[in-house]
Asker: 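Have a look at the structure that comes next, please.
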Number of protein chains: 2
Amino acid sequence: MLTKRQLLILKEIVRLYTETGQPVGSKKLLEQLPIHISSATIRNEMVHLEDQGLLEKTHLSSGRIPSLRGYRYYLDHLVEPSSIDANDLAVIETSFDQSYHEIDQIVAQSAKILSSLTNYTAISLGPELKDLKLTGFRLVPLNDDQVMAILVTDNGTVENHIFSIPSGIDGDSLEKIIRIINDQLVGLPLMEVVNKLHHEIPQLLTKYMITPEGFLDIFGGVLKKAAQERYYVGGKMNLINTSTLKDVDQLKALYSLIDQNQDLGQIIGAPADQPIEVRLGDEMTNDLLKNFSVITATYNVSEHGRGMIALLGPTSMPYSRMIGLLDVFRAELAKKITDYYRHHGD
Amino acid sequence: MLTKRQLLILKEIVRLYTETGQPVGSKKLLEQLPIHISSATIRNEMVHLEDQGLLEKTHLSSGRIPSLRGYRYYLDHLVEPSSIDANDLAVIETSFDQSYHEIDQIVAQSAKILSSLTNYTAISLGPELKDLKLTGFRLVPLNDDQVMAILVTDNGTVENHIFSIPSGIDGDSLEKIIRIINDQLVGLPLMEVVNKLHHEIPQLLTKYMITPEGFLDIFGGVLKKAAQERYYVGGKMNLINTSTLKDVDQLKALYSLIDQNQDLGQIIGAPADQPIEVRLGDEMTNDLLKNFSVITATYNVSEHGRGMIALLGPTSMPYSRMIGLLDVFRAELAKKITDYYRHHGD
DNA sequence: GTTAGCACTCGAAACTGTTAAGTGCTAAAA
DNA sequence: TTTTAGCACTTAACAGTTTCGAGTGCTAAC
């Protein structure tokens, strides 16, 4: 059990350390604490906190820094989101003040804004696409042996993919195939599209093709690509600031992880119950993230599911400021996306 | 005027320095030179070379390194491309051994291969697009207020762009507009397309639109995007190795330059007379490149113009190896692209 | 013209001393 | 019993030294 005073000290140590980056000594605390106790008393209390595993020293006679357990305790019990800087708010609003064709543009922009605001790396993930509807599906013959498949969904996303026409199909048949597919699929929810694609459509197509399966697999691919959650990253380069830079190889590995745009799910994690959650390095699966920490904010877009935006930075981030910022940011982002849906209706 | 022996020494210094990264002293040269002269003689010769501005010292009693003038002289008169490593050649061939839908895929792949082979950054630019023909041009209505314009050129590139339909056009008119544009433009060389787009088409369209200009501007945009030379970069992260890393800001700036994918023309430069050219840092416009050097290789794809691939690395690159490698690489790349055209005909 | 020899220079690495920040502990004060 | 003042101790960081090795320029002899 921790006394009130110990909590106060722990909180102040986290605050000072995350803001200055320097280990916090008893003298510094003496100046900063709201209550007046001597540096000796502070030292005694720090020994207790260290015994509890909440503080660490970088070396025998150094000031204290929070341990991972200390951060965790702080985040679970002590942190108070600070209110957002007026200037930051203005930046958010003016940066979002554009018109967008696609949800993804808003999402991409959000990652840029957040990263430039924080000097960390931001990862943004649009609202869930689970009950997306297919509002448009086109097959466009490009030339003798290539067709472009275009897929438009009701969140404004347009996905396209080019593929070769299997041999043994003439132009006439192709036209008919396109008509069949268009007639049958446009307007349906994505899930149903996938369904039809595997059951009814192949039968309809056998008139014109011997093996429609390969042909349809390609659509499956585009669908998957469109339905796949897409991540946008802003401020990749800011990792350089964060990283200890001792280990260039590690930095490179982290970069290629992010550049793949693939496994970002493991960084951003699943939508949580809390609107804002913090995961510290050791709580994540990937070893590369050991020295990092991720703040994840979830937002709701009424019937359109939940989106997330995450901030990847050093474990010693100024959490109270960041959480305050993110809380406003997720609201602004949700507003912007809700607006989008309102104007592009569904 | 330089004597034969001086040339030999200069050449050896460049070779040793670019391979080891260490300044070269008289003793080291004594071991390596094909002729036998004493270290004292070598020192005397080095003084001459230094007087000519071809060598430098890092400090008073250090070994010599080539000056920029020294590199230039070496590259102009002395360098002998070394023959390619058998292993590297195998890597090139197996890496290219895939089938491609678009030229751009080959070009992108080439940058990846070259960067992984060299541990430097590679920038690849496909064959010139000047006398490209438009083989396909489609306008696909996506929904009530959006249209996708697709543009296919005879190098296999497909460019698409989504834009909003100007208000005051109904679906019927749009269909007609699409037909007009398709009938009039497909099959023409790009240059002619641009021409028609500004002269004949607007008149044809005035039937259905009050101001076709805005509508056509958008096509102009797509065209420009398609005709624009597109660069592919491989091994961005390798810049970290190269850079002195003292100056993180400089590294970041260089990255964002490359990430923009915009001004890469100033790095790669214009196609040159020589198949392979080297430009040293001070010969380039951008100050960020001061400590770098660029080896540019140009290749021909018969009637389809010339492409380029460039290697961005430190000034102290092992030129003879790199030039030997690039010479083979450009041939392989040209072969691959020529193959592509042969199979996808024009 | 070439070479051996030598005094000299400089960077890098190892070592030393000093300082400042911080600690733990003890004994006295509250 | 809790708090505080005081003191001895530890450590990182920094600034000097010292030493060593690699390399140079110069000179005198070959």
Side-chain angles (χ1 to χ4, degrees), chain A residues 1-10 12-17 19-67 70 244-246 316, chain B residues 1-10 12-17 19-67 70 244-246 316:
Chain A
M1 268 310 80
L2 297 176
T3 66
K4 265 222 159 100
R5 197 167 64 187
Q6 285 166 346
L7 295 179
L8 210 56
I9 290 174
L10 175 57
E12 195 61 19
I13 287 176
V14 176
R15 190 184 72 82
L16 285 171
Y17 180 60
E19 275 175 18
T20 66
Q22 297 299 316
V24 183
S26 53
K27 211 169 158 188
K28 195 105 220 152
L29 277 172
L30 185 65
E31 297 165 15
Q32 298 288 334
L33 280 177
I35 54 177
H36 183 71
I37 46 177
S38 76
S39 65
T41 308
I42 294 172
R43 285 200 291 279
N44 286 331
E45 296 288 34
M46 289 199 292
V47 172
H48 287 138
L49 288 167
E50 193 174 355
D51 289 345
Q52 308 261 354
L54 298 170
L55 295 181
E56 286 175 357
K57 288 187 273 195
T58 61
H59 58 87
L60 190 59
S61 73
S62 75
R64 301 302 206 293
I65 64 172
S67 68
T244 52
L245 262 223
K246 305 275 170 189
S316 61
Chain B
M1 267 308 80
L2 298 176
T3 66
K4 263 221 162 100
R5 197 167 64 187
Q6 285 166 347
L7 295 179
L8 210 56
I9 290 175
L10 175 58
E12 196 61 17
I13 288 177
V14 175
R15 190 183 71 81
L16 286 170
Y17 180 60
E19 274 173 19
T20 66
Q22 298 299 317
V24 183
S26 54
K27 211 170 159 187
K28 194 104 221 151
L29 276 172
L30 185 64
E31 297 165 15
Q32 298 288 335
L33 280 176
I35 54 177
H36 184 71
I37 45 177
S38 75
S39 65
T41 308
I42 294 173
R43 286 200 290 279
N44 286 331
E45 296 288 34
M46 289 199 292
V47 172
H48 287 139
L49 288 167
E50 194 175 354
D51 289 345
Q52 308 261 354
L54 298 170
L55 294 181
E56 286 175 356
K57 286 188 273 195
T58 60
H59 58 87
L60 189 59
S61 72
S62 75
R64 301 303 206 293
I65 63 172
S67 68
T244 53
L245 261 224
K246 305 276 172 189
S316 61

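Below, chain A is the first sequence line, B the second, and so on; all start at residue 1. Not measured: the values here are computed from a predicted model. Basis for what follows: all heavy atoms, side chains included, without hydrogens, waters or symmetry-related copies.
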Asker: Side chain of A/Arg5 only, heavy atoms from C-beta on: which candidate in C/dG24, D/dT3, D/dG25 is closest?
Answerer: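 Between C/dG24, D/dT3, D/dG25, the one nearest the side chain of A/Arg5 would be D/dT3.
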
Asker: Quick one: which of D/dT3, C/dT2, D/dT4 gets closest to the side chain of A/Asn44?
Answerer: D/dT4

Asker: Taking side-chain hydrogen bond (donor to acceptor under 3.5 Å, both in side chains) as the test, write out the residues that go with A/Ser38, two or more places apart.
Answerer: A/Thr41

Asker: Nearest 0.5 Å, please: how far is CD in A/Glu12 from CD1 in A/Ile42?
Answerer: 10.0 Å

Asker: Could you tell me whether the side chain of A/Leu30 reaches within less than 4.5 Å of the side chain of A/Ile37, counting heavy atoms only?
Answerer: no

Asker: Can you pull out the residues from residues 53-67 of chain B that lie within a 4.0 Å heavy-atom distance of DNA chain D?
Answerer: B/Lys57, B/Ser61, B/Ser62, B/Gly63, B/Arg64

Asker: Taking the side chain from B/Ser67 and the backbone from B/Gly53, do they hold a donor-acceptor pair closer than 3.5 Å?
Answerer: yes

Asker: How long is the straight-line distance from NZ of A/Lys4 back to CD1 of A/Ile35, given to the nearest 0.5 Å?
Answerer: 11.0 Å

Asker: So, A/Arg15 and A/Glu19, do they make that salt bridge, N to O below 4.0 Å?
Answerer: yes

Asker: So, is A/Arg43 close to the C/dT26 phosphate, meaning a side-chain N or O under 4.0 Å from OP1 or OP2?
Answerer: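 No.
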
Asker: At a heavy-atom distance below 4.0 Å, what parts of residues 21-41 of chain B sit against DNA chain D?
Answerer: B/Gly25, B/Ser26

Asker: Would you say the side chain of B/Glu45 lies within less than 4.5 Å of the side chain of B/Thr3, judging by non-hydrogen atoms?
Answerer: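 Result yes, sub-4.5 Å side-chain heavy-atom pair found.
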
Asker: I'd like to check A/Arg64 versus A/Lys57 (side-chain heavy atoms, cut-off strictly below 4.5 Å). Are they in contact?
Answerer: yes

